[in-house]
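All figures in this text were calculated on a predicted structure; none of them were measured in a lab.
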Amino acid sequence: MLRQIKPRNARSKRALDKKAPKPTENAKTTLFLRGTTCSQIVQDALTDLYQLRIPLAKKFTKKNAVHPFEDSASLEFFSEKNDASILVFGSSSKKRPHTITLVRTFAYKVLDMLELYLDPESFRRLNQFKNKKCAVGLKPMLLFAGTPFENPVSDEYTMAKSFFTDFFKGEPADKVDVEGLQYIVSISARDSVDGEESKPSLHLRVYLIRTKRSGQKLPRVEVEEMGPRMDFRVGRVKEADEETMKEALRRAKTSQERPKKNISTDIVGDKIGRIHLGKQDLKELQTRKMKGLKRSRDVAEEEDEDEEDVVSDEEPVKKPKKA
């Protein structure tokens, strides 16, 4: 548990209030840092991911003696110091070359981690694509193609989907302008084959969206690869504890009224309610007695006389007996 810090002045109080839990959390800041041994390919990949994450990103250029899966204390310190809930750590070694580790924190403690191995042969930088780039700070459209991302059981691919969703989420917004949808991030993975030892790779592609005249009301939409181009192999994984994840997903109680069950509003604006009743016995239904519904005594006597006349007319005539 983190120690409680008492503010000494108004400036430190504002900084602590900014870090305090809120019903609607701030946008997640991503911290990029490298280890003591980091290849140039991984450094270029971190730089390109940093360019896509600006302005919600911070990047360290100095070397850091950090081993995420052995000791995560340094990552937790950097997370608290920079108020960053997502960390991207780059390293390279003979056993694990060109490694990028994605780390998420909750309350400045490591929540889960995913290790990805970058393929240096297929890697292409952002500046290798000589075309127009998207503006800074725009929210991309995300596309996850492949059945591994739809697995109901949590595994490496569902975790990668959750990681990249948080990474490219950006600022929270209720409405999005269509003009701001300028690029799309596609992450795909093929289906796993029975008997194959290696797991399917993750393919990250970024495309620029272009609209051109089509001679109709709707424009023709085309996509052009903008970069970067990255292929990953899945490595080590550290899943979150069940109780910690439940605490991280919990939402604060707000003053907003909860929706009531079985009550809806139609197009006109009238409130419609649905009532569920058990089986009723209509024979025992008690109705209200009103004087206006009672028959008067004269009407009742006349109806009785008419009934007697009808009965007497319908009586059969007895035939006389023959002697």
request  = Check whether more than 12 heavy atoms from other residues, nucleotides or ligands sit under 6.0 Å from atom NZ of Lys169, and answer yes or no.
outcome  =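 No, not enclosed.
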
**Asked** Would you call Glu247 and Arg250 a salt bridge, taking side-chain N to carboxylate O under 4.0 Å as the test?
**Response**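 Result for this pair is yes, salt bridge flagged.
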
If you apply the rule side-chain contact (heavy atoms from CB on, under 4.5 Å), what do you find for Ile100 with Phe89, and how did you get there?
CA-CA 6 Å; Ile100 295 178; Phe89 179 77; over 6 Å; no

Looking at [X] and [Y], would you say the former's side chain and the latter's main chain have a donor-acceptor pair under 3.5 Å?
X	Y	value
Ser214	Leu218	yes
Gln43	Cys38	yes
Thr36	Asn64	no
Ser12	Arg8	yes
Thr37	Ser92	yes
Lys139	Glu171	yes

Does the side-chain hydrogen bond (donor to acceptor under 3.5 Å, both in side chains) test come out yes or no for Ser201 and Asp231, once each step is laid out? CA-CA 7 Å; Ser201 300; Asp231 293 336; over 6 Å; no

Please find the pair of heavy atoms, one from [X] and one from [Y], that lie closest to each other, and give the distance.
X	Y	value
Phe129	Arg125	CD1-O, 3.3 Å
Leu75	Leu87	O-CD2, 3.8 Å
Ile263	Lys271	CG2-CG, 3.6 Å
Pro97	Tyr117	O-CD2, 4.2 Å

Exercise for review: Verify whether the ring centers belonging to Phe78 and Phe60 lie closer than 6.0 Å.
Suggested key: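 Yes - the distance between ring centres of Phe78 and Phe60 falls below the 6.0 Å cut-off.
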
Taking C-beta and beyond as the side chain, do [X] and [Y] meet within less than 4.5 Å on heavy atoms?
X	Y	result
Val103	Thr101	yes
Arg124	Glu225	no
Arg233	His98	no

Item to complete: May I ask whether Met159 and Ile187 are part of the same hydrophobic cluster, defined by side-chain heavy atoms of I, L, V, M, F, W, Y residues being less than 4.5 angstrom apart, directly or through others?
Response: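 Yes; tracing contacts between hydrophobic side chains, which count when under 4.5 Å, links both residues.
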
Tell me which one of Ile86, Val88, Thr30 satisfies side chain to side chain contact (heavy atoms under 4.5 Å, CB included) with Leu102.
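So the option named by the test is Val88.
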
Practice prompt. Go through the steps for Leu202 and Tyr157 under the test side-chain contact (heavy atoms from CB on, under 4.5 Å), then give the verdict.
Written response: CA-CA 9 Å; Leu202 297 175; Tyr157 298 96; 3.7 Å; yes

Distance (rounded to the nearest 0.5 Å) between Phe32 CZ and Leu46 CG
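Nearest 0.5 Å value for the CZ-CG distance: 7.0 Å.
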
#### Entry: From CG (Leu126) to NZ (Lys133), nearest 0.5 Å
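Rounded to the nearest 0.5 Å, the CG-NZ separation comes to 4.5 Å.
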
What is the ring orientation for Phe168 with Phe164, classed by angle as parallel under 30°, tilted 30 to 60°, or perpendicular over 60°?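 Geometry flag for Phe164 against Phe168: parallel rings.
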
- Task: Dump the intermediate steps for side-chain contact (heavy atoms from CB on, under 4.5 Å) on Lys28 and Leu56, then the final yes or no.
- Result: CA-CA 7 Å; Lys28 296 181 179 181; Leu56 300 173; over 6 Å; no

Donor on one side chain, acceptor on other, Thr158 and Asn151, under 3.5 Å: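 Checked: Thr158/Asn151 side chains show no N/O donor-acceptor pair below 3.5 Å.
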
*Please test Leu208 against Cys134 for side-chain contact (heavy atoms from CB on, under 4.5 Å), starting from the C-alpha separation and ending with a verdict.*
CA-CA 7 Å; Leu208 188 68; Cys134 62; 4.2 Å; yes

- Test salt bridge (Lys or Arg N to Asp or Glu O under 4.0 Å) applied to Glu224 and Lys212, step by step: CA-CA 13 Å; Glu224 181 182 359; Lys212 297 183 179 181; over 6 Å; no

Checklist entry - So, is the end of the Arg104 side chain (NZ or CZ) under 6.0 Å from the ring centre of Phe163 and within 45° of the ring's axis? => result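 Ring-cation test returns yes.
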
